[in-house]
Amino acid sequence: MKAGALHLFLLLASNSLLVLAGKDYYEILQVSRGASESQIKRSYRKLAVQYHPDKVTGTEEEKAVAARKFADINNAYEALSDPSKREIYDRHGEEGLKQHGQQNAGRPGGGGSIFDMFFGGGFGGQQEEERTPKGHDVNADLYMTLKDLYLGRELKVVRDKAVIKPAPGKRDCKCKMKLETKQLGPGMFQQFQKQVCEKCENVKLDREGEILTVHVEPGMTPGQQISFFEEGEPVVDGEPGDLKFIIRQPPDARWERRGNDLLINETISLVDSLTGFSRDIEHLDGHKVTIGVQGVTKVGDYQYIANEGMPIYNTAGKFGNLFVNYFIEFPTSLTEQQKQAVRDLFPS
Ligand SMILES: *[C@@H]1O[C@H](CO)[C@@H](O)[C@H](O)[C@H]1NC(C)=O
């Protein structure tokens, strides 16, 4: 099956500040809201293995981030794997679940125990999964402005998705090569391989409309991916690939991003450069930032303003810094009178 037959439309691309009232369980498990139970289960399995404390290496900080993520994944799976809890969550969110008092009920062990329940305390069952064919991943560029990445943004994406559906008739499936031995004569044998198949219900490739909600979170960076498990290309007798949105950002005319920091160029007059100045500039989200220098600003001088850079992804309330590069606008010429006045001001 060929990848690339992807039809994407961005809908209702409204700018909305993300209010992270409760964590989105679907997002945590990287599945769409319409995901099937088995899809949720498989995505959980993949993520839980990836973020399991025994598997994560790196600095203490990276381990702590992974541990939080692991707890979130377990929490989300606990709710979404139970049909009645999932229904409550779909209608009333995390708060609804808390009110029903079902979350974490009778599980003092917290996040770990559901993992053990699932894996029987180990990482068994993975080999079986590795043999299952997996469809192609579908990658889609998601063009965002720097302002979108500053504020965060929720997008509805309408997709024409390829799916495999049952069709009339039977087909060969689960084919295996089998070694057979044939006796040709006394003491003479020939061994040969024969393909043996089972009969399965037929399938056909179909297309299906789908609306996905994509949360672009404040501080996300170009190249970063937002994944939807098994929303990619399907494959017969296997699991679909994943759908991955890749954040892209065309350069901004005024703001330049370097990691979590922002840089701007600001032109000031020669008089301001000598006497000092103060002015308000408008930030990406419209809030005012006061910049200025009390003394003399020389060519090449810059100003550093803490915490006025980009929001730091996944770190609520933390921001990078802002650097303002000053460019001094010199007059192109002076009259004789002005020259004399300057000489009088700065006698050499
Ligand atoms: C700021 O000025 C420098 C030097 O002229 C230039 O290379 C850079 O692109 C400018 N940045 C912005 C955001 O305009």
Side-chain angles (χ1 to χ4, degrees), residues 8 10 12-20 139-155 157 214-226 244-335 338-339 341-342 345-346:
L8 276 181
L10 298 185
L12 311 172
S14 61
N15 257 312
S16 58
L17 248 172
L18 278 183
V19 184
L20 296 172
N139 295 325
D141 288 333
L142 200 60
Y143 282 91
M144 293 285 111
T145 63
L146 187 62
K147 181 179 171 180
D148 293 333
L149 298 181
Y150 185 91
L151 284 169
R153 186 163 171 178
E154 184 179 306
L155 300 157
V157 177
V214 183
H215 286 132
V216 175
E217 309 233 12
M220 277 190 159
T221 45
Q224 197 167 347
Q225 296 183 349
I226 303 173
K244 291 177 176 166
F245 292 100
I246 303 159
I247 306 258
R248 306 283 181 212
Q249 185 230 308
D252 187 88
R254 171 135 171 88
W255 302 80
E256 194 180 316
R257 182 178 187 174
R258 294 223 186 125
N260 294 319
D261 294 336
L262 286 171
L263 273 71
I264 55 167
N265 291 340
E266 187 73 11
T267 304
I268 57 172
S269 68
L270 180 58
V271 172
D272 281 352
S273 80
L274 294 171
T275 59
F277 63 97
S278 168
R279 61 174 75 158
D280 285 344
I281 59 165
E282 200 173 285
H283 210 297
L284 282 160
D285 64 343
H287 84 268
K288 296 270 185 288
V289 180
T290 304
I291 61 171
V293 177
Q294 285 198 333
V296 172
T297 306
K298 297 186 291 299
V299 171
D301 278 0
Y302 67 89
Q303 184 182 7
Y304 161 90
I305 302 173
N307 305 319
E308 287 291 357
M310 289 296 285
I312 298 175
Y313 175 66
N314 246 343
T315 316
K318 285 203 175 167
F319 291 81
N321 304 312
L322 171 63
F323 293 86
V324 186
N325 291 314
Y326 287 112
F327 287 81
I328 301 159
E329 203 163 36
F330 283 83
T332 45
S333 64
L334 293 183
T335 62
Q338 287 172 318
K339 286 179 188 171
V342 174
L345 264 177
F346 304 104

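Atoms considered below: every heavy atom in the structure, side chains included; atoms not considered: hydrogens, waters and symmetry mates. Sequence positions, counted from 1, serve as the residue numbers for this chain. Counting convention: from 1, in listed order, for ligands and their atoms alike.
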Please report the interatomic distance CG(N265) to CH2(W255), rounded to the nearest 0.5 Å.
11.5 Å
Should I264 and N325 count as side-chain neighbours, where that means a heavy-atom distance under 4.5 Å?
no
State, yes or no, whether a side-chain contact exists between L151 and R153 at a heavy-atom distance under 4.5 Å.
no
With side chain to side chain donor-acceptor pair (under 3.5 Å) as the criterion, how do Y313 and E217 come out once you've worked through the C-alpha distance, each side chain's angles and the decisive distance to 0.1 Å?
CA-CA 7 Å; Y313 175 66; E217 309 233 12; 5.5 Å; no
Does any N or O of ligand 1 fall below 3.5 Å from an N or O anywhere on N265, backbone included?
yes
Closest to atom 5 (O) of ligand 1 among protein heavy atoms sits F327 CZ, 4.1 Å
Identity and distance of the protein heavy atom lying nearest atom 13 (C) of ligand 1
R254 O, 3.4 Å
Note the single closest protein heavy atom to atom 9 (O) of ligand 1, along with its residue, its atom name and the distance in Å.
E256 OE1, 4.0 Å
